[in-house]
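Model, not experiment: these values are computed from the prediction. Hydrogens, waters and symmetry mates are skipped; everything else that's a heavy atom, side chains included, is used. All ligand and atom numbering here is 1-based and tracks the order in the structure.
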Amino acid sequence: MTRVVDTHRLVFGSDPEGVWSAPGRVNLIGEHTDYNDGLVLPIALPQRTDAACSPRADDLLRVWSVQTDELVEVALADVGPGRPEGWAAYVAGVLWALRAAGHEVRGLDVTVDSAVPVGAGLSSSAALECAVGAAASDLFSLGLLADDAGRARLAAACVRAENEVAGAPTGGMDQSAALLCRAGHALLLDCRSGATEQVPFDLAGDGTASGHGTTAGDGSASGDSAASADSAASADSTASGHVLLVTDTRAEHSLNDGQYGERRSSCEQAAAELGVAALRDVDPKDLDDALARLSDDVLRRRTRHIVTEIARVQACVEALRAGDLAEVGRLFDASHASLRDDYEVSCAELDASVEAARGAGALGARMTGGGFGGSSIALLPAGAVDDAKRAIAAAFAERGWREPRCFVVTAGVAARRDA
Ligand code: ADP
Ligand code: MG
């Protein structure tokens with residue numbers, strides 16, 4: 001956090017009025033279910049994006065990013081779909097969306113600094129939006145951070161910023177996670193109703209499960225680097241004896257965009273053929289019947305993934321509530337197989353990271369996020385983490401791929417004011 005304040009002083013010539021932060025996220029299970037009105041189960045990461053901000057009396061937005069080393073200036077009146085271009089759209093878009101929702105918002109001087117890996121499927125984009133959104137809520141007295149209802153409204157504004165101003169077609173999971181997650185918990189989000197539930201996910205057993213996302217000083221300090229989060233969590237003394245290891249494969253497959261749209265249309269077509277509003281409406285008990293009614297095999301496999309994946313989210317929630325980590329691991333494995341074989345969104349790097357983690361003793365492992373690159377997760381005995389990291393690094397080196405980044409994570413807190 002000191003870096004963002006020091007940078008702000010250098011760029012803008014005065015101290016910021018305050019510092020806000022929001023976390024990246026990783027989805028435990030429930031992949032490609034969001035646009036099928038299904039269920040997802042993300043946790044907030046300890047890695048966060050800091051935003052040092054000062055309000056302005058005029059309608060100018062000035063924003064500097066430590067990651068891009070660049071200052072962008074834009075008048076709020078000039079913000080809209082596709083404007084500004086590039087990364088500043090995520091920041092300007094939030095102010096635009098808040099105004100569109102009827103809030104009185106003026107200009108800001110903003111400096112951002114992020115410990116969330118960018119473009120790794122860990123949602124640096126929502127962390128950026130929600131850190132700025134949290135700042136705007138406090139600086140313009142919008143009161144949106146006060147309770148979950150207000151936070152959900154802020155999340156909706158951040159989704160509009162990403163979809164309409166930045167032009168990225170995403171569901172609402174990332175922004176909900178960044179604004180509604182609590183320490184030591186996963187967030188069960190029903191993408192049809194918007195309803196949320198907190199599900200205990202406190203592998204470290206360090207008491208953070210009782211902390212609320214809006215309170216400061218619970219050990220998930222803003223600006224934690226991947227390395228410091230790692231050393232804190234990988235101690236063998238974790239209460240559950242298990243840890244969650246994230247692997248950023250750093251694989252980039254340009255296929256990504258077209259494939260996402262193609263999967264979405266397949267799901268819409270399958271729902272239309274079955275006469276339901278969304279694949280969420282197919283009861284797992286009736287899956288075989290439903291599959292028999294579909295017009296081709298690709299639609300059958302896409303549908304089977306969605307319906308079984310939504311059921312796996314429910315099963316995972318029950319297993320977590322029962323403390324049955326072995327079952328959680330089995331569900332991770334089944335999810336990965338379904339995404340690889342039926343939904344066909346995995347890639348060689350994701351498969352290799354998952355297999356290496358299993359070989360090192362993981363209870364289960366899966367790709368997470370949209371696929372074709374990005375990150376995987378593995379649920380591991382704490383004592384197996386170093387072996388798993390070595391095995392994953394070796395598998396990548398053998399194939400001549402870029403070195404992946406592995407780090408242990410705990411379930412962190414949602415967006416908040418830090419200073
Ligand atoms: P992810 O959200 O998984 O990291 P996205 O493609 O959705 O991947 O978002 C990444 C984009 O978000 C970057 O290309 C950049 O435009 C923007 N972004 C995220 N964090 C920052 C940051 N700290 N500074 C500048 N831009 C950022
Ligand atoms: Mg994103």
Side-chain angles (χ1 to χ4, degrees), residues 1 3-4 7-8 11 19-27 31-32 34-35 40 42 44-45 47-53 61-72 74 82-94 110-133 135 155 158-179 222-226 246-257 259-260 345 350 367-377 405 407 409 415:
M1 195 172 69
R3 184 166 74 178
V4 80
T7 308
H8 190 88
V11 172
V19 180
W20 290 259
S21 67
R25 63 98 189 95
V26 71
N27 192 22
E31 225 59 79
H32 287 275
D34 56 347
Y35 53 84
V40 295
L45 293 175
Q47 289 82 14
R48 304 176 72 85
T49 295
D50 293 331
C53 299
L61 170 68
R62 299 193 296 176
V63 53
W64 175 273
S65 167
V66 172
Q67 278 62 52
T68 59
D69 241 347
E70 188 193 3
L71 183 71
V72 176
V74 59
R83 290 168 295 138
E85 287 185 352
W87 64 271
Y90 295 93
V91 177
V94 174
V110 183
T111 304
V112 295
D113 186 10
S114 184
V116 184
V118 172
L122 301 174
S123 202
S124 68
S125 58
L128 176 57
E129 292 148 14
C130 296
V132 171
C158 292
V159 171
R160 283 198 72 186
E162 181 143 354
N163 290 347
E164 296 178 45
V165 178
T170 56
M173 164 169 62
D174 304 349
Q175 294 79 5
S176 294
L179 282 158
S222 157
D224 265 2
S225 69
V246 174
T247 299
D248 168 11
T249 63
R250 301 171 77 200
E252 282 162 18
H253 293 283
S254 51
L255 276 175
N256 202 344
D257 283 353
Q259 295 284 339
Y260 180 80
V345 291
L350 287 166
M367 57 160 278
T368 182
F372 304 111
S375 300
S376 68
I377 53 173
R405 294 194 198 102
F407 43 95
V409 299

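With contacts defined as side-chain heavy-atom distances shorter than 4.5 Å, the pair Leu71/Val11 qualifies.
Ligand-side atoms of ligand 1 in range of Ser114: 23 (N), range being under 4.0 angstrom from any heavy atom. Near Leu122, with a cut-off below 4.0 Å to any heavy atom, the atoms of ligand 1 are 3 (O). Those atoms of ligand 1 with a heavy atom of Tyr90 less than 4.0 angstrom away are 12 (O), 16 (O), 17 (C).
At a heavy-atom distance under 4.0 Å, atoms from both the backbone and the side chain of Val118 approach ligand 1. Under 4.0 Å from ligand 1, the heavy atoms of Ser65 that appear belong solely to its side chain. Contacts between Asp113 and ligand 1 below 4.0 angstrom, taking non-hydrogen atoms only, are absent altogether.
The Mg ion (ligand 2) has Ser125 OG as protein N, O or S atoms under 2.8 Å away.
Atom-to-atom distance recorded for Asn163:CG and Cys158:SG is 11.0 Å, nearest 0.5 angstrom. Atom-to-atom distance recorded for Glu162:CD and Asp174:CG is 6.5 Å, nearest 0.5 angstrom.
For the ligand labelled ligand 1, residue Gly119 lies inside the 4.0 Å heavy-atom shell. Remark: distances from the non-hydrogen atoms of Thr49 to ligand 1 are all 4.0 Å or more.
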